[in-house]
2 protein chains.
Amino acid sequence: MGAAFLLTQLGTHCASKFAERVQAIGLTPPQVGILGLIARAPGQSQQSVATTLGLLPSRLVAFVDDLEDQGLVERVRSSKDRRNYALELTTAGKRKLAEIGRVGAEHEKDICGVLSESERAELIATLRRLANDQGLIAGVHPGFRSLNRARGAEAS
Amino acid sequence: MGAAFLLTQLGTHCASKFAERVQAIGLTPPQVGILGLIARAPGQSQQSVATTLGLLPSRLVAFVDDLEDQGLVERVRSSKDRRNYALELTTAGKRKLAEIGRVGAEHEKDICGVLSESERAELIATLRRLANDQGLIAGVHPGFRSLNRARGAEAS
DNA sequence: TATTGTTATACTCTATAACTATA
DNA sequence: TATAGTTATAGAGTATAACAATA
């Protein structure tokens with residue numbers, strides 16, 4: 001069993017576990033990505049967020065609708081270019097983001113509990129090398145775009 | 001960025017890359033899993049394969065249909081219990097399995113190319129520890145069952 | 001004419017449930 | 001009555017394309 005298959009296996013498992021955790025606080029993984037992106041660069045347009053996450057604009061609308069219904073995000077019409085919205089986090093949105101951080105920390109602990117702190121650091125360093133080599137963008141999940149068929153099974 | 005998120009990110013990427021490679025030889029990832037399972041234990045029933053892979057029986061039928069059309073798998077009626085089939089690999093199926101092995105090796109090389117052999121071995125050992133700790137079954141992909149929503153985005 | 005956001009529609013994938021044949 | 005395999009149907013999730021408003 002090679003490293004690539006183990007990565008697929010563990011990656012799928014991690015994604016699934018994380019999805020369960022954020023579902024418990026009323027969010028989907030893409031919404032977590034959206035909230036994080038707005039926090040990093042407030043005032044972004046929906047187009048900008050969609051492009052970064054590799055989400056179709058039409059899908060983003062529904063996610064942002066829900067976030068707005070939950071009172072976590074605000075759509076503010078830009079006065080300069082009234083075609084686009086500036087996305088902002090509300091106070092509740094910032095609180096939710098902190099909550100996501102706690103959930104993420106629990107998740108990390110769940111997954112890496114068997115490792116010592118130095119082992120975990122070494123694993124992170126190795127994974128980061130692989131991710132860089134593959135051209136993956138730090139902090140941006142590659143799985144939101146049309147990759148439904150993209151699940152692997154062991155080769156041999 | 002924690003190890004859990006990196007695993008999700010890399011895992012999704014690996015799954016996607018592997019899916020592309022097997023598609024080039026006319027297979028989907030679940031079919032690769034099915035072929036491998038039949039190779040390990042020839043004569044299994046479809047029910048058995050479906051249970052192991054976490055696939056619904058109704059989904060399995062279509063996959064096996066296609067494998068049979070490609071001449072890779074044979075459905076042989078069991079003479080003892082004529083309700084179930086014994087799944088067998090044809091000669092072409094065994095050849096295809098060897099091909100899958102080569103594709104898997106290329107895939108491993110693509111993903112781990114930047115690592116030295118000892119680094120790769122250490123990574124495999126660490127990942128195996130994590131997988132065991134999480135209760136994952138060696139060689140069986142956890143992503144075939146109703147986990148569509150199970151994709152993660154970075155927490156913070 | 002091009003772009004942002006939106007809605008409407010179509011399509012794919014997956015799950016549920018009904019059906020047959022054997023036991 | 002229960003089980004293996006199959007088929008039919010319905011549902012969820014996603015992509016494509018048309019639309020209104022603004023530039």
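To find a chain, count down the sequence lines: A is the first, B the second, and so on, and within it residues start at 1.
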Item to check | Residue pairs, two or more places apart or on separate chains, that pass ring pair (Phe, Tyr, Trp, His ring centres under 6.0 Å) and touch residues 39-93 of chain A | outcome: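 Of all non-adjacent pairs touching residues 39-93 of chain A, none passes ring pair (Phe, Tyr, Trp, His ring centres under 6.0 Å).
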Checklist entry - Which pairs count as ring pair (Phe, Tyr, Trp, His ring centres under 6.0 Å) when at least one residue sits in residues 27-53 of chain A, sequence neighbours excluded? => result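 Found none.
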Give every pair of a protein N or O atom and an N or O atom of nucleotides 9-11 of chain C that lie under 3.5 Å apart, one pair per line with the distance.
none

Checklist entry - Excluding sequence neighbours, so at least two apart, what forms side-chain hydrogen bond (donor to acceptor under 3.5 Å, both in side chains) with B:Thr90? => result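 So B:Thr90 forms no side-chain hydrogen bond (donor to acceptor under 3.5 Å, both in side chains) with any residue.
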Next on the checklist: Can you list everything that forms a side-chain hydrogen bond (donor to acceptor under 3.5 Å, both in side chains) with A:Gln70? Sequence neighbours excluded, please.
Outcome noted: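 A:Gln70: side-chain hydrogen bond (donor to acceptor under 3.5 Å, both in side chains) contacts with A:Asp66.
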Hey, can you pull the donor-acceptor pairs under 3.5 Å for the side chains in residues 99-107 of chain B, sequence neighbours left out?
residue	atom	partner	partner atom	Å
B:Glu106	OE1	B:Arg21	NH1	3.2

Checklist entry - How would you list all residue pairs meeting salt bridge (charged side-chain N to carboxylate O under 4.0 Å, His left out) that involve residues 73-87 of chain B, not counting sequence neighbours? => result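 For residues 73-87 of chain B: B:Asp65-B:Arg75, B:Glu68-B:Arg75, B:Asp81-B:Arg83.
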Item to check | Pairs where residues 119-141 of chain B contributes a residue and the test salt bridge (charged side-chain N to carboxylate O under 4.0 Å, His left out) is met, not counting sequence neighbours | outcome: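 Non-adjacent pairs meeting salt bridge (charged side-chain N to carboxylate O under 4.0 Å, His left out): A:Glu119-B:Arg129, A:Arg129-B:Glu119, B:Glu108-B:Arg120, B:Glu117-B:Arg120.
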If you check every side-chain atom of [X], which of [options] has the closest atom?
{"X": "B:Gln47", "options": "C:dA15, D:dA15, D:dG5", "value": "D:dG5"}
{"X": "B:Pro57", "options": "D:dA4, D:dT6, C:dA15", "value": "D:dT6"}
{"X": "A:Gln46", "options": "C:dG5, D:dG5, D:dT16", "value": "C:dG5"}

Next on the checklist: Below 4.0 angstrom, which residues in residues 66-84 of chain A have at least one non-hydrogen atom near DNA chain D?
Outcome noted: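 DNA chain D contact set from residues 66-84 of chain A: A:Lys80, A:Asp81, A:Arg82, A:Arg83.
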